[in-house]
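Numbers restart at 1 for each chain; the letters A, B, ... are given by sequence-line order, proteins then strands.
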Amino acid sequence: DAKTTQPNSMESNEEEPVHLPCNHSTISGTDYIHWYRQLPSQGPEYVIHGLTSNVNNRMASLAIAEDRKSSTLILHRATLRDAAVYYCILRDPIGTDKLIFGTGTRLQVFP
Amino acid sequence: SQTIHQWPATLVQPVGSPLSLECTVEGTSNPNLYWYRQAAGRGLQLLFYSVGIGQISSEVPQNLSASRPQDRQFILSSKKLLLSDSGFYLCAWSGLAGFSVSSYNEQFFGPGTRLTVL
């Protein structure tokens, strides 16, 4: 499985945008980029995923570099509830739906 | 709607004792099922996944085993617990079993079991 690299931690103030980066220089042509987040003492929850084009949903936006070697999860207005560990994961759609989690980025949001 | 249950929520067990954690899914058929473990301060490690009854794949060599006796039931077991088995155990499911190419079935996680081995 291709590897992703994320900063260990980031900080933000409430109501400000947050850009969470992820490097995946060894991504293959068929790998999808997924983001999950894990709130304290809970299981992870799906945030967003994409292949080549930028994606938007009610939770966040995903900006994917043209060469696909990096991506950025964008929270447009951080809230205290967004404080969590954010995982960037590459998934090969051929085969099972298993996910290989890294260590993620711990996002702190200050009031 | 689909729901996933795990029990117990917390468990304290002595070293060398057996373990059985159960996970059940409601509201879907033929799901992919997964067991993850998260050691304190660490990321999630995939332990087992299953694409059907009796079909179990192990991701890492370990002291644990998994079984899927029914379509929506996934059990994690150990005959003798080690201290290193302590952690937060999470069960997850995703929609369609088997081969998926262009569609993505997000994984839904249960509430987890916090296991402490003393």
Does A:Y87 have any ring pair (Phe, Tyr, Trp, His ring centres under 6.0 Å) partners at least two apart in sequence or in another chain, and if so, which? A:F101
Turns out that what part of B:Q38 lies under 4.5 Å from chain A's heavy atoms comes down to side chain
Just how far is it from atom OH of B:Y34 to atom CG of A:L99, taken to the nearest 0.5 Å? 7.0 Å
Is A:L20 linked to A:V55 within one hydrophobic cluster, defined over Ile, Leu, Val, Met, Phe, Trp and Tyr using a side-chain heavy-atom separation of less than 4.5 Å? yes
Heavy-atom side-chain proximity of A:T103 to B:R42 below 4.5 angstrom: no
If you look at every heavy atom in B:L46 and A:I100, which pair is closest and at what distance? CD2-CD1, 4.3 Å
Which pairs count as disulfide (SG to SG under 2.5 Å) when at least one residue sits in residues 18-56 of chain A, sequence neighbours excluded? A:C22-A:C88
Could you tell me the separation between the CD atom of A:E45 and the CD atom of B:Q107, rounded to the nearest 0.5 Å? 13.5 Å
Side-chain contact test, heavy atoms from C-beta onward, threshold under 4.5 Å: evaluate it for B:E106 versus A:Y36 and give yes or no. yes
Are there over 12 heavy-atom neighbours, none belonging to A:D67, within less than 6.0 Å of that residue's CG? yes
Measuring from B:F109:CZ to A:Q42:CD, what's the distance to the nearest 0.5 Å? 12.5 Å
Those residues of residues 79-92 of chain B, ordered by number, that approach chain A below 4.5 Å (heavy atom to heavy atom): B:F88, B:L90
May I ask you to check whether over 12 heavy atoms, not counting those of A:R106, lie within 6.0 Å of atom CZ? no
ILVMFWY cluster, B:L21 and B:I56 together (side-chain gap under 4.5 Å): yes
Does one hydrophobic cluster hold both B:L64 and B:V12, with members joined at side-chain heavy-atom distances below 4.5 Å? no
Cut-off 3.5 Å, no hydrogens considered: what does the side-chain donor-acceptor table look like for residues 111-118 of chain B, sequence neighbours left out?
from   : atom 1 : to   : atom 2 : distance (Å)
B:T113 : OG1    : B:P8 : O      : 2.5

Indicate if B:L11 and B:V15 have the same hydrophobic cluster label, given that clusters are the connected sets of ILVMFWY residues with side-chain heavy-atom separations under 4.5 angstrom. yes
